[in-house]
Amino acid sequence: MTLSGRDAYRDELTTLAAEDTALVCLEADLGGKNHPFQTAYPERFFNLGIAEGAMVDMAAGLAAGGYKPFVSTFAPFAALRAAESLKLALGYLNAGVTVVAPYAGVSGAWFGTTHHCLEDFAVLRSVPGVTIAAPYGEAEMRAVVRAAVRDGRPHYIRTGRNAAYESLIPAGAELPLVTWEFEAADPEDVCLVSVGEEGTRLALEARSATGASHAHLVYADHEHLAGAAAELAARHTRFVVVEEHRGQGGVAEALALLLPRCEVAGVNAGHDWPAEGGDHHEVMARLGFDLPAVLSAVALLRTGAPGPVPAGSGAR
């Protein structure tokens, strides 16, 4: 069965640790009783409790000592509560620490606004030297984890809660800069660009409904996006970027700057704060981040007239 992103991360790291004794795993009180890494290698597993900044600082020290630390906590606590530690450790010190952040976007919908994270791309993209990934499905998560272990650079890996999707690459494959899930015959037509779990799910649904091309991105840092932008511009000139993030500091904004001769529209979580709980998709819909918003954005670029969009849409 396909694993969720966070479970795929835990399983892949545990598998790699059998051959690489430098790998260590740190959690901020969300490892649970059956964390596979803790079961297999208890001497290399550390639960730091709700001390996220201290966890990142400790990981930086372990990296300086020759270890390869992977740390994990809820995205809002990793990217926001521990922001200063991330800036200093991953940025200023260039420590080889990988931060794995589940519950990104509004995947922790029932926990309320304090546990939502629609700002992490903006925060991490502003820290030079950090590789930022938002894999879709088990195979992509495993590939991202393997790449982080290999290159030893600072990484921030964003994932959801329990959603399990089939990746767009085969198991065991390496990640291309751009995954072309579908290419329409007309290069003048709109191209959907997806980022992350829910952005990719919605782009896949919109591609089926519209026949638009679909390019999927795993990496969201400037270095990778600059390369991806060149590949995108070689094939299309109009793009709709779909991402579970606020418009400010997101991938659409970055690609708009990298593609000044192209039209770039974004479908995102907008500017509002969810006032009510619900499941993941319900909260996204209240923010206007849903299929009607994506279809409307495609129609607007194609014809100059948007399709029907519900009130509060995140289309920008």
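For the single chain, residues carry numbers from 1 onward in sequence order.
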- Matching residue for Ser213 among Arg238, Glu183, His236 - test: side chain to side chain donor-acceptor pair (under 3.5 Å): His236
- Message: Any side-chain to backbone donor/acceptor pair from Ser167 onto Glu140? Under 3.5 Å, distance only.
- Response: yes
- Can you label the angle between the Phe111 ring and the Phe74 ring as parallel, tilted or perpendicular, going by 30° and 60°? perpendicular
- Message: Under 4.0 Å between a side-chain nitrogen and a carboxylate oxygen: does that hold for Lys68 and Asp20?
- Response: yes
- Look at the aromatic rings of Tyr165 and Tyr136 and report parallel, tilted or perpendicular, splitting at 30° and 60°. parallel
- Under 3.5 Å: donor-acceptor pair, side chain of Ser194, backbone of Thr200: no
- Does Leu300 offer a backbone N or O that forms a donor-acceptor pair with the side chain of Thr303 under 3.5 Å? no
- Message: Quick test of your reading of the model: are Lys87 and Glu84 salt-bridged, counting only N-O distances below 4.0 Å?
- Response: no
- Task: Could you tell me whether the side chain of His245 and the main chain of Phe121 form a donor-acceptor pair under 3.5 Å?
- Result: yes
- Answer yes or no: is there a donor N or O on one side and an acceptor on the other, between the side chain of Arg6 and the main chain of Arg161, under 3.5 Å? yes
- Message: What I want to find out is whether Arg125 reaches Glu253 closely enough, with some N-O distance under 4.0 Å, to be called a salt bridge.
- Response: no
- Query: Within the distance-only criterion (no hydrogens, no angle test), does the side chain of Thr113 pair as donor or acceptor with the backbone N or O of Pro274 below 3.5 angstrom?
  - Reply: yes
- Task: Decide, yes or no, whether a salt bridge links Arg286 with Asp272 under the criterion of side-chain N to carboxylate O below 4.0 Å.
- Result: no
- Verify the cluster assignment for Leu204 and Leu295: are they in a single hydrophobic cluster under the rule of side-chain heavy atoms below 4.5 Å apart? no
- Message: Tell me if a side-chain donor or acceptor on Asp189 pairs with a main-chain N or O of Ala212 at a distance below 3.5 Å.
- Response: no
- Looking only at atom types and distance, does a side-chain atom of Glu19 sit under 3.5 Å from a main-chain N or O of Leu16, one as donor and one as acceptor? no
- Can Val240 and Val193 be said to form a side-chain contact (heavy atoms from CB on, under 4.5 Å), step by step? CA-CA 6 Å; Val240 172; Val193 179; over 6 Å; no
- Over-ring placement of Arg207 relative to Trp180, 6.0 Å and 45° cut-offs: no
- Is Arg153 salt-bridged to Glu223, going by a charged N under 4.0 Å from an acidic O? yes
- Query: When you measure from the side chain of Thr210 to the backbone N and O of Ala206, does any donor-acceptor pair fall under 3.5 Å?
  - Reply: yes
- Test: Glu197 and Arg201 ion pair at under 4.0 Å: no
- Message: Is it the case that the side chain of Glu244 and the backbone of Val106 share a donor-acceptor pair, with hydrogens and angles ignored and the cut-off at 3.5 Å?
- Response: yes
